[in-house]
Structures are given as C-alpha cells and as structure tokens.
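What follows is a single structure, written as structure tokens, with notes after it.
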Amino acid sequence: MLTVDEQFNIIKRGTVEIVPEEGLKAKLKDAQEKGKKLKIKLGLDPTAPYIHIGHGVVLRKMRQFQDFGHEVIIIIGDFTASIGDPSGKTITRPQLTAEEIAENAKTYYDQYCLILDPSKTRVVFNSEWLGKLSFADVIRIVSKVTVARILERDDFETRLAEGRPISMHELMYPVCQAYDSVVLESDVEVGGTDQKFNILMGRDLQTQFGLEEQIGLFMPILPGLDGVQKMSKSLGNYVGITEEPKDMFGKLMSIPDEIMPSYFELCTDVPLDEIEEIKKKLSDGSMHPMEAKKRLAREIVTIYHSADAAKEAQAEFERVFSQHEVPADMPEVGVADIMEDGKVWIVKLLAAANMAPSNSEARRLVMQGGVTIDGEKISDPKANIEVKDGQVLRAGKLKFARIKL
RNA sequence: GGGGGGAUGCCCGAGUGGCUAAAGGGGGCAGACUGUAAAUCUGUUGGCGAUGCCUACAUUGGUUCGAAUCCAAUUCCCCCCA
C-alpha cells in the first residue's frame, strides 16, 4: 500500500488548488490508520447527461481516490438544476420528470463506468433531501449564512456593482450545494475552479452544522477543442468519452498546439517528467508538434478504449489525412428513394447522407467546391449524377459516405 | 406606486417609411496554404429543383401604394425615484 505522502502526490497532480492541503493529508492519514473510507463528492448536472473528457478530468481524479479505497458519491443535481448555477444570464431550467431523471441516471451510469469503479460509486439525487425541506427548514439553513458571505461570490459582486439583476433564488444555489455536503457529510468535494465558491461554502456550512469540514479539491477547467472556451456539449467543442476511437483521435488532432500540455497533464497518465521532456523537445524543435499530438491522442484513446484501438485509430487517421485515402469504413447512403431516371440530384444526395441540414446548405457546399464523388469534384448544384454502387461521396474534409444503390 | 430606456439573424450590434434577406464584427461552414494546429487570404452563412417565390426584425392588430422603421394594445427585460 502506498504511503499517505505518495497518495497525496498522485492526487495532487493536475490540481489547481487543494483547500487545505494539510487537511487532505490528515484525512488520508486518518482513513488509512482507521481503515475507513473517505466520502468523495462530485456534483453533476442532470440536464446534460453526456460525459466528455472535460468531465473526465474530474472523474479520473475521483477514480484515484477509489483506487486508494475511498467511496465516490455522485450527486445528480436534479433539484438544483431547477435553479441553475448563476452565470450571469441564468435561464431557469424546467423541472425534470421522474422518468427523465431515471433515464439520465442510467445514461450516467453507462458512461461513468468507463472511468469509475462502480462498486465504489454511489449515485444520489439531491431532490431526495432538498425537495423535502419545509420553508421553516430552509429558513433555519439560510440563517447560518450571511449576506456578505454570499455576495463575496465573484459574479454576484460584479452584477451587483454593475446594477444587473440578481434573483433571490440564485443566491440559494451555493447554499443548496453546500447543504448537500452537510447531508452527505462529505470529506472531499472535487470540482472545477468554477466551483470554488460553492465548495468553500460547503465547508462553512458543515462547520455551522458541527461537522468536520470537507476538503475542496479544484481541477482546472479543460479547454475545449477550440482551445478557448471551456469544453461543453452545447459549444460543440468536446470529445465524448463514449465516442468511437477514430472520432476521438481525429478530434484530438484538431486541438491547438498550445493546449497540448494541459491535455497531457489532465487527460492522460503520462508521467509529469515525461510531459516536461515533451515540452522541451517541442520548444527546441526536436519533436514535431504533430507527433506529440498523435501521442496525446493515442494516450487518451487508450484510456477510454484500448491500446489496440488507439493504434488503429492512428493508422486510420494517417490513411485519410496524410495519405489522402478514404476511411476504412464510413456510413452508407441509400439512393434508391431519390433516384430519378437512374440519376441522383447532388443536392438531394447530400441531404440524404446527412451532410447538409437543408437543400440550400447542400447547394452552398457544392458551389464552394467541397463536394466530391470518388475524388471527382462536383461543382454544379444542378448536377444530376449517375452514381454507382460503392462510390465514395465526400463533403468537406470530414464527411464521407459510401453510396448504396 | 411614479418616471425613463429597451427587445433585430447562431451571438454581439447598425439600421428610424421604399435602394433591406437586413451594414459591421464574432462564431460556423467551404476553398487556398498546412500538420484535420495556429496565423493569413477568399467565398459563404433563412427556406424552396430557385434569373423567381415564400417566411423573417418580441406578439397581435392598425396607418400606408409600400413598415424592422409610424400608431395602438400585449408580453418580457433593464435603469432611476419611492
């Protein structure tokens, strides 16, 4: 078994901050000595039950705790989702139905099993307790929180200063999340740096309720594929952890060079000194950035699939993008329905292949010279084409389909 | 309770009676260059088998030959005073 210090160092990797570090060490030590499990808390948003490698950063951190014998508690914030974490332009989300919640929970389970050890994972919904509080209970809880404390939160502070509105219920969001920690008696709460205020609020509230304070463990926000905004499904700049190896590989190859180091650190298990080595080689030019990126993509695909899958994905990538050959497999597009006199109108063909959301968009693609069949450019949007079974339709760099008569 | 300001395409934002499918920017898409990186340049960015037609500037109705633009009502948002 690893010593407490060794455990601590593994856990510390990639973190922005641990509040307080000594507290975490003490908890790890205490747990080891008494043979008890720490409760590691993570909150997830139930409205978007799709896990990408940005969530993976935090989940993999949780996994490390599990490997040291601790218990992970995932809180699906079905109650708090109806408030919406205040972001400035909060949209109050609709309450989910029981069926939706159950369905999302299942979806989560299938995904997080790829990272977490299910035997050491508990999933709870915070509506279980938050939804049962009476108004009197709520008053009792909020009486332990001062207005000044709440208004310390950055976005509240700036909004107040700029005269932008803050709704009462938004002020409740951090309190709800903090109260979750009280109910669960969590030892550690893991989250992105955007969770800092909420997680520290948990510490305060636990103290108020006479409990031991949880440790706040903050991970950086993983930048998305665009390298600028945080990774999120709604921005489309994500890599889902259940995506196909070749899609994962391809998407990872498209990230800006500058964010490679943070991806290495946060999304892979490549040792830190090796990452340093790579950085050095990149800056002195002895390593081509593309090679580093291939390594990165391979590492990540290996984590979520396997080393073989990663190798295959790389081979496929090189075949398509370096040697400009067609992918080994691609979706088929049946043309039987859109055939007229043995010919197919190119615009309809693109729509049938889901390469364009509308005919107008398909026309544009054609006019812009992004469409080929078997490598031959189609540039006339009026074109009616005699297609043959097995021909390869391509739109842009990424979209391929095999024609099926 | 009183007074004032506002709502435009994916986003920001111009437009105050016809020349407006709506300037400009961002983002997206496509092309060139390349390493499916960045930067840069070019084109494109409501729908429709399409030299035209349809739908669009919060909603509904009105004025007008003609409305994103004027009027009325409605909804939502913001600010100031109390």
Side-chain angles (χ1 to χ4, degrees), chain A residues 87-92 159-167 170 223-230 232-239 243-264 278-279 282-283 285 287-298 301 313-327 330 337-341 343-352 354-372 375 377-385 393-400:
Chain A
S87 61
K89 39 176 164 182
T90 300
I91 302 152
T92 302
R159 279 204 272 165
L160 199 61
E162 289 170 10
R164 278 149 55 211
I166 302 172
S167 298
E170 293 183 73
L225 299 175
D226 55 16
V228 182
Q229 290 181 281
K230 72 170 186 179
S232 83
K233 176 125 193 261
S234 54
L235 293 172
N237 60 354
Y238 64 95
V239 180
E243 284 191 68
E244 291 295 308
K246 67 171 162 48
D247 295 332
M248 264 191 187
F249 197 97
K251 283 188 176 184
L252 289 164
M253 288 304 289
S254 76
I255 65 169
D257 293 352
E258 300 77 64
I259 62 173
M260 266 198 279
S262 42
Y263 270 51
F264 265 113
I278 293 172
K279 279 199 245 176
L282 284 174
S283 60
M287 187 185 227
H288 193 293
M290 188 175 62
E291 289 309 317
K293 211 178 281 173
K294 282 179 181 171
R295 166 84 190 276
L296 174 69
R298 233 172 24 238
V301 174
Q314 179 167 345
E316 175 77 359
F317 176 84
E318 286 165 354
R319 188 183 315 136
V320 177
F321 296 106
S322 306
Q323 284 142 45
H324 303 290
E325 289 174 23
V326 296
M330 62 186 99
D337 294 349
I338 53 173
M339 278 276 231
E340 273 175 41
D341 304 329
K343 291 183 175 180
V344 169
W345 181 30
I346 186 66
V347 168
K348 279 256 194 296
L349 179 60
L350 289 164
N354 283 323
M355 288 174 175
S358 68
N359 287 7
S360 299
E361 190 62 41
R363 274 165 189 281
R364 256 170 240 136
L365 265 171
V366 174
M367 286 190 278
Q368 291 176 143
V371 178
T372 60
K377 185 179 284 187
I378 312 292
S379 47
D380 179 8
K382 292 200 190 93
N384 285 292
I385 298 157
L393 171 69
R394 179 174 191 172
K397 274 194 276 270
L398 303 174
K399 293 179 288 244
F400 292 88

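Chain identifiers are assigned alphabetically (A, B, ...) following the order of the sequence lines, protein sequences preceding nucleic acid strands; residue numbering begins at 1 within each chain. Predicted model, so just to flag it, every value in this text is computed and none were measured.
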| said: Over all strands shown, is A:Gly396 touching base, sugar-phosphate only, or nothing at heavy-atom distances under 4.0 angstrom? | reply: sugar-phosphate

| said: Any side-chain to backbone donor/acceptor pair from A:Arg364 onto A:Val366? Under 3.5 Å, distance only. | reply: no

| task | Report the C-alpha separation of A:Asp380 and A:Ile346 in whole Å, then their side-chain angles, then the decisive distance to 0.1 Å, and conclude whether the side chain to side chain contact (heavy atoms under 4.5 Å, CB included) test is met. | result | CA-CA 9 Å; A:Asp380 179 8; A:Ile346 186 66; over 6 Å; no

| query | Is A:Ile255 touching bases, backbone alone, or none of the nucleic acid, heavy atoms closer than 4.0 Å? | reply | sugar-phosphate

| field | Rounded distance in Å between the C1' positions of B:G52 and B:G5 | value | 42 Å

| task | Write down the distance between CD (A:Gln229) and P (B:C11), rounded to a whole number of angstrom. | result | 14 Å

| remark: With the side chain defined as heavy atoms from C-beta on, A:Ser360 is closest, among B:C48, B:G49, B:U36, to B:C48

| query | From the list B:G49, B:U36, B:A50, which nucleotide is the closest neighbour of the side chain of A:Phe317? | reply | B:U36

| task | For A:Lys293 and A:Ile255, indicate whether the former's side chain and the latter's backbone hold a donor-acceptor pair under 3.5 Å. | result | yes

| field | For atom CG of A:Leu252 and atom P of B:A37, their distance in whole Å | value | 14 Å

| message | I want to verify a distance call: between B:C29, B:C48, B:G49, whose nearest atom is closest to the A:Glu361 side chain? | response | B:C29

| Nucleotide nearest A:Lys399 when distance is taken to its side chain, options B:G49, B:C29, B:U45 | B:C29

| said: Using the P atom as the point on both nucleotides, what is the distance between B:C33 and B:C19, in whole Å? | reply: 41 Å

| request: State whether the side chain of A:Asn359 and the backbone N or O of A:Lys348 hold a donor-acceptor pair below 3.5 Å, judged by distance alone. | output: no

| query | A:His324 NE2 to B:C33 P: how many Å, rounded? | reply | 10 Å

| task | Using a cut-off of strictly less than 4.0 Å, decide whether A:Asn359 has a side-chain nitrogen or oxygen near OP1 or OP2 of B:G49. | result | yes

| Which is true for A:Ser358 with a 4.0 Å heavy-atom rule: it touches a base, it touches only sugar-phosphate, or it touches nothing? | sugar-phosphate

| query | Can you tell me if A:Asp341 uses its side chain to pair, donor with acceptor, with the backbone of A:Lys343 under 3.5 Å? | reply | no

| task | Output the single nucleotide from B:U36, B:C29, B:G49 whose closest atom is nearest the side chain of A:Gln368. | result | B:C29

| query | Rounded to whole angstrom units, what separation is found between the CZ atom of A:Arg394 and the C1' atom of B:U36? | reply | 10 Å

| request: Rounded off to whole Å, could you give me the CG-to-C1' distance for the A:Leu398 and B:C29 pair? | output: 11 Å

| said: Looking only at the side chain of A:Leu365 (C-beta and beyond, no hydrogens), which of the listed nucleotides B:A30, B:G35, B:U36 gets closest? | reply: B:A30

| query | Starting at the 5' end of RNA chain B, which residue's closest nucleotide do you reach first, A:Gly369 or A:Pro289? | reply | A:Gly369

| What base-paired stems does RNA chain B take part in, with at least 3 consecutive Watson-Crick or G-U wobble pairs and both distances under 3.5 Å? | B:1-7 with B:75-81, B:10-12 with B:24-26, B:27-32 with B:40-45, B:46-48 with B:52-54, B:58-62 with B:70-74

| message | Counting only side-chain nitrogens and oxygens, does A:Ser322 get under 4.0 Å of the OP1 or OP2 atom of B:G35? | response | no

| request: Let me know, please, whether A:Val347 or A:Asp247 comes out on the 5' side of the other along RNA chain B by nearest nucleotide. | output: A:Asp247

| Separation between the P atoms of B:G3 and B:C53, rounded to whole Å | 48 Å

| field | OP1 or OP2 of B:G47 under 4.0 Å from side-chain N/O of A:Arg364 | value | yes

| Between A:Arg394 and A:Lys397, is there a donor-acceptor pair closer than 3.5 Å when you use the side chain of the first and the backbone of the second? | yes

| said: Rounding to an integer number of Å, can you tell me how far A:Asn384 CG sits from B:G49 C1'? | reply: 9 Å

| remark: Test side-chain contact (heavy atoms from CB on, under 4.5 Å), reference A:Glu316, set A:Glu318, A:Gln314, A:Arg319, output is A:Arg319

| Flag if over 12 foreign heavy atoms under 6.0 Å of CD, A:Glu340 | no

| How close or far is atom C1' of B:G35 from atom CZ of A:Phe321, stated in whole angstroms? | 12 Å

| request: Return the value, rounded to whole Å, for the distance between atom CG of A:Asn237 and atom P of B:G26. | output: 19 Å

| request: For A:Leu282 and A:Met260, run side chain to side chain contact (heavy atoms under 4.5 Å, CB included): C-alpha distance rounded to whole Å, both residues' side-chain angles, the deciding distance at 0.1 Å, then the answer. | output: CA-CA 11 Å; A:Leu282 284 174; A:Met260 266 198 279; 4.2 Å; yes

